[in-house]
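Chain A is the first sequence line, chain B the second, and so forth, proteins listed ahead of strands; every chain is numbered from 1. Only this structure's heavy atoms are used, side chains among them; waters, hydrogens and symmetry mates stay out.
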There are 2 protein chains.
Amino acid sequence: MHSKFGFLSYEISHIIRQRFNKAAEPIGFTHAQWRALVHLSENKNCRQIDLAEILEIKPITLVKQIDLLEESGMVVRNKDMDDRRAYRLSITDKAHTVMEELWKIADAVEIEVLAALSEEERRLMTSLLDRVKNSLATDSS
Amino acid sequence: MHSKFGFLSYEISHIIRQRFNKAAEPIGFTHAQWRALVHLSENKNCRQIDLAEILEIKPITLVKQIDLLEESGMVVRNKDMDDRRAYRLSITDKAHTVMEELWKIADAVEIEVLAALSEEERRLMTSLLDRVKNSLATDSS
DNA sequence: TTAATATAATAAGTAAAAGGTATTATATTC
DNA sequence: GAATATAATACCTTTTACTTATTATATTAA
């Protein structure tokens, strides 16, 4: 019997993204922007190329997300004084307020989607996924 | 502390899809087509609208995937005798052969991605995800 | 038994999220 | 100082999906 982990993780995360996008649409954010914001807030003052690597997307893909986040006043590109090719990304005060709203949405979606599991099971599953993710992060993929 | 399940499941499934797509590209299939094929083989002779519901995509999205799968000789649209609006989808003999190849790729990718976990942990995680998925399937989402 | 409504597939056009390749401006290395 | 590498990005394409509207056929209600 073949494992269905690939399909299951895809299908569940797809539902989470759909529901998040629907709920966050009135505020004007997509799940991809949200993901960039959260990872940036955990890696303050990094360059675009650093954030792209963290997000596991190509730099050119991130450019457009940062464009949108800058337009909506969430992120600022600051010239790097030591390397004039690069920008240092920072999050605005406004972003902190908006992110509180977005976390409410994200948490609510997650609780809804994971309702079938106990809190203990949710923690267990998340920690297993976390180990998988961390083992991949060290790869050169 | 907020849960990261949404990001984790997205990021891991994204890596699985990327690796699958890369490995299956020479044979000419994408992960979306692969997903449709597998779900069709588990729901033989269903209509497009049924398969779309199983895949949790809109019927129009499925049309194009079936177009591609029909072009490559994997799937046949058979006129439904009882409802002349509908097609019944079937999988060709050729598809069975190709699917064996694709399962090899899918299994290999999964083993690679989940290498950090023991077999026991893999089974546990998959069964937790399966419960989540099934609880959502009964929703009217 | 028609008239109104619903359903299955699909055409046309759009969008979100991503990537490939090439370019510009700067850094680094040889 | 010349060759090479790097950070950001312009231009174009791909994958996967959606919205809205249309055609053909079924079903329901009057």
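Atom pair B:Phe29:CZ and D:dT16:P shows a separation of 13 Å (rounding to whole Å applied). Note: CD1 (A:Ile15) to C1' (D:dA17) measures 15 Å, nearest angstrom. Rounded to an integer number of Å, the gap from A:Asn78 CG to D:dA8 P is 12 Å. As rounded to whole Å, 14 Å separates atom P of C:dA17 from atom CH2 of A:Trp34. Per the geometry, CG belonging to A:Asp67 stands 14 Å off P belonging to C:dA17, to the nearest Å. At whole-Å resolution of the value, CD1 in A:Ile16 and P in C:dA17 are 15 Å apart. Atom pair B:Glu53:CD and C:dA9:P shows a separation of 12 Å (rounding to whole Å applied). Spacing between atom NZ of A:Lys22 and atom C1' of D:dC18 amounts to 12 Å, rounded to whole angstrom units.
Using a 4.0 Å heavy-atom distance criterion, A:Arg88 is classed as making no nucleic acid contact.
For B:Phe20, the ring-ring contact (aromatic ring centres under 6.0 Å, His included) partners at least two apart in sequence or on another chain are B:His31, B:Trp34. With sequence neighbours left out, the ring-ring contact (aromatic ring centres under 6.0 Å, His included) criterion links B:His96 to no other residue.
With rounding to the nearest 0.5 Å, the separation of CG in B:Leu55 from NE2 in B:His39 is 6.0 Å.
Under a 4.0 Å N-O distance rule, the pair A:Arg122/A:Glu110 does not qualify as a salt bridge. With respect to the salt-bridge test (charged N to carboxylate O, under 4.0 angstrom), the residues A:Asp67 and A:Arg77 qualify.
Judged by distance alone, with hydrogens and angles left aside, the side-chain atoms of B:Asn78 form a donor-acceptor pair with the main-chain N or O of B:Arg88 at under 3.5 Å.
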**Fill in**
Quick tally for nucleotides 18-30 of chain C: nucleotides whose base has a protein heavy atom under 4.0 Å get B, sugar-phosphate-only ones S, the rest -, giving BBB----BBS---
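Phosphate contact (OP1/OP2 of C:dT10, side-chain N/O of B:Arg77, threshold under 4.0 Å): present.
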